[in-house]
Structures are given as structure tokens and as C-alpha cells.
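Heads up, the thing below is written out as C-alpha cells.
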Amino acid sequence: MRQFDFMGKRRLAFITSAILLLIALGSLAIQQLSLGLDFTGGTLVEVSYATAPTLDTIRETLQSAGLQDISVQTFGTADEILIRLQQAFDPAVGQQVTELLRATGDEVSLVRAEFVGAQVGEQLRDQSGLGMLVALGMVMLYVAFRFQYKFAVGALLALVHDVILVLGAFSLFQIEFDLTVLAAVLAVIGYSLNDTIIVYDRIRENIRTSRIDDMPAIFNDAINQTLSRTLATSGTTILVLLALLILGGDMIHNFAVALLIGVGVGTFSSIYVASALLLPLKLARTDLIPAQKENEDAEELP
């Protein structure tokens with residue numbers, strides 16, 4: 001099987017990651033995230049149709065009436081529609097929306113109209129940020145316990161890299177960021193960590209069984225040995241996400257987009273970030289095999 005020189009291209013990969021991180025951080029600082037109704041507050045209207053409507057038609061009807069920042073999605077069944085409006089709540093807004101939709105000739109009835117407060121959104125934002133920090137902290141503790149602290153630092157930096165790039169993409173293209181996208185970001189952390197752990201486990205095994213101290217060569221062998229598994233896992237996951245993106249509807253569209261970006265970035269980072277960072281962190285054989293133990297093993301050899 002052909003061996004790829006991944007570690008030989010690590011400097012190019014580091015430069016690529018640095019450029020992408022600068023773009024992502026710059027967009028987050030200047031444009032920030034386009035927060036959805038879950039975080040900003042606004043109005044939520046649920047209507048029921050006699051027959052399943054077309055979501056694009058509903059969106060165009062409301063936008064032509066002057067309503068902006070609209071999110072339209074099915075809710076439960078195809079004829080139950082949830083409409084999110086990023087505007088102050090008005091008791092008459094539910095009836096106004098219903099009448100606009102009835103004007104197209106459809107049979108529409110109002111189910112509910114309610115206000116989602118910005119205070120709730122702020123609480124969700126704070127709790128979600130805290131949850132992400134706790135998740136990253138637990139990941140670092142697990143990897144440090146399971147492997148060695150240098151592996152933990154590499155894994156943590158790789159996860160931060162992945163999260164920033166996903167958030168940066170949503171900021172750069174001003175894709176709405178809501179609770180479903182936040183769930184996708186947390187899923188990306190788990191996915192990327194799983195891939196990184198597979199590579200790390202093979203690196204540790206190769207270091208313990210090898211008699212050479214050429215770390216780039218050891219890392220390169222480990223990545224090549226796990227490459228087929230990595231690509232197969234990422235490929236099948238991407239196929240599922242593409243199906244969700246194309247056929248899943250508006251409700252999970254952004255969720256699928258976030259996971260697609262995250263899986264792609266996570267696959268890259270498990271090879272070129274998490275693994276390659278172990279070199280500047282000065283990982284050595286003595287970090288995994290004490291010098292005394294290594295000498296004893298050498299004496300036992302014929």
C-alpha cells in the first residue's frame with residue numbers, strides 16, 4: 001500500500017490552518033454570528049394547513065408583505081408550519097400572518113402565536129458556552145489520563161481549531177446560528193475527538209514497539225495505518241449528511257451544514273493538527289516508556 005508523507009507537508013498544513021483561523025476569527029470579531037430566534041428573542045407563529053404547502057411559497061408571501069428575517073419550517077407534520085420572526089411581539093401578528101397566507105387561496109388556521117424573550121436567549125447562550133468549555137475540559141482530562149498530557153494539549157488545540165472554523169464559516173456566510181447548530185458543534189467535538197483518539201492510539205503503539213527515535217516517521221506510519229479507516233468513516237458520514245442536507249428540509253438544514261463542515265475540518269485536523277502538534281510539543285519515547293524500562297527491554301534482546 002502506498003505510504004503518504006503527511007508529516008513532510010505539516011508546515012504547509014500549519015500555514016493553511018493559520019490562514020483559515022485568521023479569517024474565521026476576523027469574521028467572528030467583525031460580523032459576529034447571525035444568531036437565531038433561540039438566542040435573540042422574537043415572535044413565533046404556528047399555523048395549520050388543510051394540505052401540505054410549499055415552504056418557499058410561504059416565505060415569499062411573507063417577505064413580499066414586508067416581513068423580514070423569517071424562518072419557515074415544518075413542525076411535526078408537513079401541514080403544520082412554524083414561522084419565526086425576529087421582531088417585537090404584537091398580539092395581532094398571528095392573525096396578520098394567517099390572513100396573509102389565506103390571501104394566496106390556501107385554507108390556513110392559526111394554532112398559536114407567542115413571544116420568545118431575549119433574556120431566555122441570553123441564558124441559553126451563556127449555558128451553551130459553559131457547556132462547550134466543560135466538554136473541552138473533560139476531553140483534555142480524559143486524553144491526559146488515557147495517554148499523556150502532551151497528547152491532551154494536542155487534542156484540545158485540534159478541537160478548538162475545529163470549533164473556531166465551524167463558527168467562523170457560519171459567521172463569514174451569515175448562516176443563522178441556533179440551538180440545532182450548537183448541537184452540531186458539540187457533535188463535531190465528539191466526532192473529531194474520536195478520530196483523533198484512533199490516530200493517537202496507533203502513534204502510542206508504534207512508539208512503544210519501534211526501536212527508532214524518528215518521531216515524524218513514526219507519526220507518518222501511524223497516520224497511514226489508520227488512513228483507510230478515517231476516510232471510510234468520514235466518507236459514509238458525509239453521505240448521510242448530504243442526504244439530510246438535500247432531503248431533510250429547513251429544520252435541520254443548518255444542522256447538516258455545520259456537521260458537513262465539522263466532519264471535513266475534523267478529518268483534516270486529526271491528521272495535520274492533532275498529530276503534527278505533537279512534534280513542536282517535543283513528544284519523545286521517554287514520555288511513554290521510562291528510560292529504566294527501555295534499558296531493561298534492550299538488555300533482554302539477544
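Sequence positions, counted from 1, serve as the residue numbers for this chain.
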Out of Ile271, Leu283, Val199, which one pairs with Phe219 under the side-chain contact (heavy atoms from CB on, under 4.5 Å) rule?
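Answer to the side-chain contact (heavy atoms from CB on, under 4.5 Å) test with Phe219 among Ile271, Leu283, Val199: Leu283.
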When you look at CD of Glu107, are more than 12 heavy atoms from neighbouring residues, nucleotides or ligands closer to it than 6.0 Å?
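12 or below, so no.
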With a cut-off of 6.0 Å (strictly less than), are more than 12 heavy atoms of other residues, nucleotides or ligands near CZ of Arg112?
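Enclosed: over 12 neighbouring heavy atoms sit under 6.0 Å from CZ of Arg112.
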Transitive ILVMFWY cluster of Leu22, excluding itself - 4.5 Å side-chain cut-off
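Members alongside Leu22: none; it stands by itself.
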Each residue besides Leu247 in its hydrophobic cluster should be listed here, by chain and number; the cluster joins Ile, Leu, Val, Met, Phe, Trp and Tyr at side-chain heavy-atom distances under 4.5 Å.
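Answer for Leu247: Ile246.
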When you compare the side chains of [X] and [Y], does any donor N or O come within less than 3.5 Å of an acceptor on the partner?
| X | Y | result |
| --- | --- | --- |
| Thr267 | Ser234 | yes |
| Asp56 | Thr54 | no |
| Ser34 | Glu176 | no |

Nearest 0.5 angstrom please: Leu67 CG to Ile83 CD1, how far?
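The distance works out to 9.0 Å.
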Output yes when a side-chain donor or acceptor of Ser48 lies under 3.5 Å from a complementary backbone atom of Val111, and no otherwise.
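No: the side chain of Ser48 does not pair with the backbone of Val111.
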Any donor-acceptor pair under 3.5 Å linking the side chain of Arg10 with the backbone of Met7?
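Checked: pair present.
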Lys/Arg N to Asp/Glu carboxylate O, Asp178 vs Arg84, below 4.0 Å
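No.
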Before you tell me yes or no, could you show the steps for Phe170 and Val257 under side-chain contact (heavy atoms from CB on, under 4.5 Å), namely the whole-Å CA-CA distance, both residues' side-chain angles and the distance that decides it to 0.1 Å?
CA-CA 9 Å; Phe170 271 72; Val257 170; 4.2 Å; yes
